[in-house]
Amino acid sequence: VDFHKVLNMQFLEILDLSHNNFLYLNFNSTEGDYTFCNLHSLYLSSCNINSFPKLLSGLKYLEFLDISRNQIHDRTPKWFNSTWKDTLSFLDLSHNLLTSVGYLSLSWATMQYIDLSFNMLQGDIPVPPSGIQYFSVSNNKLTGHISSTICNASSLQMLDLSHNNLTGKLPKCLGTFPYLSVLDLRRNNLSGMIPKTYLEIEALETMNFNGNQLEGPLPRSVVKCKQLRVLDLGENNIHDKFPTFLESLQQLQVLVLRANRFNGTINCMKLTKDFPMLRVFDISNNNFSGNLPTACLEDFKGMMVNVDNSMQYMTGE
């Protein structure tokens, strides 16, 4: 596709050429003559692109940009900082080969969605904009601590830092984000105790800390997370009794405590129906003793329904 052939479409607002792996897109022939004055959404996912198209620098009013699932390995060019700082709200650069965000500034006031996952980013976590709602840098090679600068992003609804090499303790400020519904920090090397504030977020639906070095008891304040559906603390060093108090979380569907230092007997309070929505219950590789209370397990009604996403979760997808 030669973009010279579409240059006359001056009123074009949305252009979607995604998922055309066998289509060669000739961007270079247009050089700096790309003049789509009204284009606000550009989708080029899975188009066999191996560098940032120069034509992007001519799009002054872009709001949505998706160039994910390509083979882009360049650093972001200098014009990224100035071209859309007052317009861009959605940026997806995931599933590429980026080793650095380069000249990309993430301080844009309009930015709400950034996905940099499945790249080869190294160094510290890029600082998200203060107004961001979705931020993912999962499956990279990031190192160091989770900086306190992330505390400015108090509008976050989804934060995914999983599958990196992050170390240090969890910043307490994440527990003060009122809209946070998904917190995924699995498969890092984080240590210390889980701050009590993390388990007081009323909007929280998913908390995944699997595969870290977290320790100490599970804070009882988790009962305040009435919307919690996924609680995965597997493969840490948490030392506690069986958290019977979790029974009050009537929306809980996935509970993973495996490979920790939980001990004592497993019992239930029977104050309510025990885990009526539970579909995954993994307490393997701990130090529990005594009999397994079958009377409590009988209330696991959610396990009686064949749900594909439960098996998907078990395979780590």
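Any value given below was found using the heavy atoms of this structure, including those in side chains, with hydrogens, waters and symmetry copies removed. This is a predicted model, so every value here is computed, not measured.
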Residues that Asn260 engages under side-chain hydrogen bond (donor to acceptor under 3.5 Å, both in side chains), provided they are two or more places apart: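 For Asn260 there are no side-chain hydrogen bond (donor to acceptor under 3.5 Å, both in side chains) partners, ignoring immediate neighbours.
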Please name the pair of heavy atoms, one in [X] and one in [Y], separated by the smallest distance, quoted to 0.1 Å.
X	Y	answer
Leu214	Leu170	CD2-CD1, 4.1 Å
Asn212	Arg187	ND2-N, 4.0 Å
Leu156	Phe135	CD2-CB, 3.9 Å
Pro77	Phe52	CD-CD1, 3.7 Å
Asn70	Leu44	ND2-O, 3.1 Å
Asp92	Ser94	OD1-OG, 2.7 Å

Could you point out which residue of Leu142, Leu185, Asn139, Thr143 forms a side chain to side chain contact (heavy atoms under 4.5 Å, CB included) with Asn164? Leu142
In a check of side chain to side chain contact (heavy atoms under 4.5 Å, CB included) between Ile238 and each of Ile194, Leu257, Asn286, which one passes? Ile194
Using the ring of each side chain (for Trp, its six-membered ring), is Phe242 parallel, tilted or perpendicular to Phe281, with breaks at 30° and 60°? perpendicular
When the ring planes of His40 and Phe64 are compared, do they come out parallel, tilted or perpendicular, using 30° and 60° as the limits? perpendicular
In terms of hydrophobic clustering (I, L, V, M, F, W, Y; side-chain heavy atoms under 4.5 Å; direct or indirect links), are [X] and [Y] co-clustered?
X	Y	result
Leu56	Tyr43	no
Leu121	Ile132	yes
Ile72	Phe118	no
Tyr61	Tyr113	no
Leu65	Tyr134	no

Between [Y] and [X], is there a side-chain heavy-atom distance shorter than 4.5 Å?
X	Y	value
Leu278	Gln253	no
Asn210	Ser162	no
Leu255	Leu249	no
Ile150	Pro128	yes
Trp84	Leu91	no
Asn48	Gln71	yes
Met277	Gln250	no
Leu190	Phe209	no

Looking at [Y], is its backbone amide N or carbonyl O close enough to the side chain of [X] to form a donor-acceptor pair, meaning the two atoms are under 3.5 Å apart?
X	Y	result
Asn96	Ile49	no
Ser45	Arg69	no
Thr110	Leu88	yes
Asn189	Ser191	no
Ser155	Gln133	no
Asn119	Leu93	yes
Asp66	Ser68	yes

With side-chain contact (heavy atoms from CB on, under 4.5 Å) as the test, would you mind laying out the steps for Ile114 and Ser136 before giving the verdict? CA-CA 7 Å; Ile114 296 177; Ser136 177; over 6 Å; no
Atom pair [atom1]/[atom2] of [X] and [Y] - distance to nearest 0.5 Å:
X	Y	atom1	atom2	result
His239	Met193	NE2	CE	12.0 Å
Leu17	Ile67	CG	CD1	13.0 Å
Asn38	Ile14	CG	CD1	11.5 Å
Ile266	Lys241	CD1	NZ	12.0 Å
Leu183	Leu161	CG	CG	7.5 Å
Ser41	Leu15	OG	CG	10.0 Å

Exercise answer: donor-acceptor pairs, residues 195-207 side-chain atoms, under 3.5 Å, sequence neighbours excluded:
{"unit_1": "Thr197", "atom_1": "OG1", "unit_2": "Lys172", "atom_2": "O", "d": "3.4"}
{"unit_1": "Tyr198", "atom_1": "OH", "unit_2": "Pro171", "atom_2": "O", "d": "2.5"}

Check the pair Phe288, Ile283 against side-chain contact (heavy atoms from CB on, under 4.5 Å), reporting the backbone distance first and the verdict last. CA-CA 9 Å; Phe288 292 119; Ile283 58 173; 3.8 Å; yes
Heavy atoms from other residues, nucleotides or ligands near CZ of Phe90 exceed 12 (cutoff 6.0 Å):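 Atom CZ in Phe90 is packed in, count exceeds 12.
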Check the surroundings of atom NZ in Lys226: do more than 12 heavy atoms from other residues, nucleotides or ligands lie under 6.0 Å from it? yes
Without hydrogens or angle criteria, can the side chains of Arg261 and Asn287 be said to hold a donor-acceptor pair below 3.5 Å? no
Between Met158 and Asp184, does a side-chain contact (heavy atoms from CB on, under 4.5 Å) hold up when you go through it step by step? CA-CA 8 Å; Met158 205 291 294; Asp184 194 344; 5.7 Å; no
For a side-chain hydrogen bond (donor to acceptor under 3.5 Å, both in side chains) check, start with the C-alpha distance between Asn237 and Gln213, then their side-chain angles and the critical distance, and finish with the verdict. CA-CA 6 Å; Asn237 294 314; Gln213 303 296 324; 3.2 Å; yes
